[in-house]
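Source: prediction; values computed, not measured.
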Amino acid sequence: AVVAELQTVYNCLGVNCADIGAYAAAPEGLGLCTDPIDPSSKIAGYLPETEVTTHAKIDLDQMKMETTTDAFDWAGAKKVYTEGEFSEKTSSMRTLQGFSTATKDGQPKLAGQKYFDMYRTYWNSATYADDFVMQGLDKTGIFASAS
C-alpha cells in the first residue's frame, strides 16, 4: 500500500515509472506502476479541480535553484530563475522571476495583499523580491561585497 501511494505522487516529484524502474520480483499484490495521465491525479496528496501538473513543475525550478546556489553556480541559478526550465506555459516557460514581477492591468498581481503592500511600501519597489534575488545572483546592490 505504501509503494502504491508513493507512485501517486511521482509526477509531483518530477519522476515517472520509467525513471524509478521495476521490481525484479514485485511484492505480492503490487500491480505494475502506471503513470497518472488524467487531471484527477493527486499532487502531493492534493486533488486539484483542474489540470495543474505543468504549473506544479515550478517546484522543480525551485529545487534546481537550491542545488545551483548550494554549488555556488550563480549563473546557473540565474538562468533557472529568469528563464525557467520545467514549468511550461502555452507559449513560454513559467519562471520564478515571473511570480515576483507579474502584473495585471499595469498593477502588480499581488497588489492589495497585506504583506505585499507592506513590503512594497517599505522597500519602495513593487518588485522588491526580484530586486533582492537579482542583486544576490549578480552580486550587486546590497550584495556587492558578498563573497
Side-chain angles (χ1 to χ4, degrees), residues 1-23 30 32-147:
V2 173
V3 173
E5 269 307 299
L6 182 60
Q7 289 172 348
T8 67
V9 297
Y10 279 0
N11 60 342
C12 179
L13 300 172
V15 298
N16 59 38
C17 293
D19 295 326
I20 301 299
Y23 283 105
L30 181 64
L32 292 175
C33 179
T34 56
D35 293 315
I37 55 171
D38 66 288
S40 65
S41 299
K42 289 184 178 180
I43 298 174
Y46 169 72
L47 184 60
E49 293 188 19
T50 59
E51 206 295 305
V52 295
T53 306
T54 56
H55 291 75
K57 288 184 179 181
I58 196 72
D59 289 350
L60 298 174
D61 284 3
Q62 177 62 39
M63 184 172 67
K64 186 150 187 188
M65 277 280 301
E66 291 177 27
T67 58
T68 54
T69 56
D70 286 349
F72 304 100
D73 178 6
W74 309 117
K78 184 175 179 179
K79 182 173 171 54
V80 172
Y81 178 74
T82 59
E83 299 176 21
E85 188 169 323
F86 298 101
S87 185
E88 294 180 46
K89 296 189 327 187
T90 304
S91 60
S92 63
M93 295 300 288
R94 188 171 287 104
T95 68
L96 293 166
Q97 184 179 41
F99 285 101
S100 294
T101 59
T103 60
K104 182 177 181 181
D105 300 325
Q107 294 295 315
K109 277 191 173 182
L110 293 175
Q113 300 292 320
K114 177 182 176 181
Y115 291 106
F116 173 80
D117 290 343
M118 180 177 70
Y119 285 109
R120 176 177 60 178
T121 300
Y122 182 82
W123 293 109
N124 195 31
S125 172
T127 58
Y128 66 87
D130 180 61
D131 298 343
F132 284 120
V133 172
M134 292 302 294
Q135 288 173 22
L137 294 173
D138 291 336
K139 292 188 179 180
T140 60
I142 65 170
F143 300 101
S145 61
S147 56

Margin query: Under a 3.5 Å threshold, yes or no: a donor from one side chain and an acceptor from the other, between Asp130 and Thr101?
Written below: no
Residue pair [X] / [Y]: nearest heavy atoms and the distance that separates them:
| X | Y | value |
| --- | --- | --- |
| Tyr128 | Trp123 | CB-CB, 3.8 Å |
| Phe132 | Phe143 | O-CE1, 3.5 Å |
| Val80 | Met65 | CG1-CG, 4.0 Å |
| Asp131 | Ser125 | OD2-OG, 2.6 Å |
| Met134 | Thr82 | SD-CG2, 4.0 Å |
| Asp138 | Lys78 | OD1-NZ, 2.8 Å |

Notebook entry, point to check: Can you check whether Tyr81 reaches Val133 side chain to side chain, under 4.5 Å on heavy atoms?
Noted result: yes
Margin query: A side-chain contact here means heavy atoms from C-beta on lying under 4.5 Å apart; do Phe99 and Arg94 qualify?
Written below: yes
Notebook entry, point to check: Any donor and acceptor pair, going by atom type alone, linking the side chain of Asp61 with main-chain N or O of Glu85 inside 3.5 Å?
Noted result: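 Present.
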Checklist line | Whether Ser87 side chain and Thr54 backbone form a donor-acceptor pair below 3.5 Å | finding: yes
Notebook entry, point to check: NZ of Lys64 to CG of Asp73: how many Å apart, nearest 0.5 Å?
Noted result: 8.5 Å
Notebook entry, point to check: Is it the case that more than 12 heavy atoms not belonging to Phe86 sit under 6.0 Å from its CZ atom?
Noted result: yes
Margin query: Can you confirm whether more than 12 heavy atoms, excluding those of Asp70, are under 6.0 Å from its CG atom?
Written below: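 Yes, the 6.0 Å shell around CG holds more than 12 heavy atoms from other groups.
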Next item on the list: Indicate yes or no: does Asp117 engage Arg120 in a salt bridge with an N to O separation below 4.0 Å.
Entry: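 Counted as a salt bridge, because a side-chain N and a carboxylate O are separated by less than 4.0 Å.
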Check: Should the pair Trp74 and Phe72 be assigned to parallel (<30°), tilted (30 to 60°) or perpendicular (>60°) ring geometry?
Finding: perpendicular
Margin query: Suppose we screen for side chain to side chain contact (heavy atoms under 4.5 Å, CB included). Which residues come up paired with Gln62, at least two apart in sequence or across chains?
Written below: Glu66, Leu96
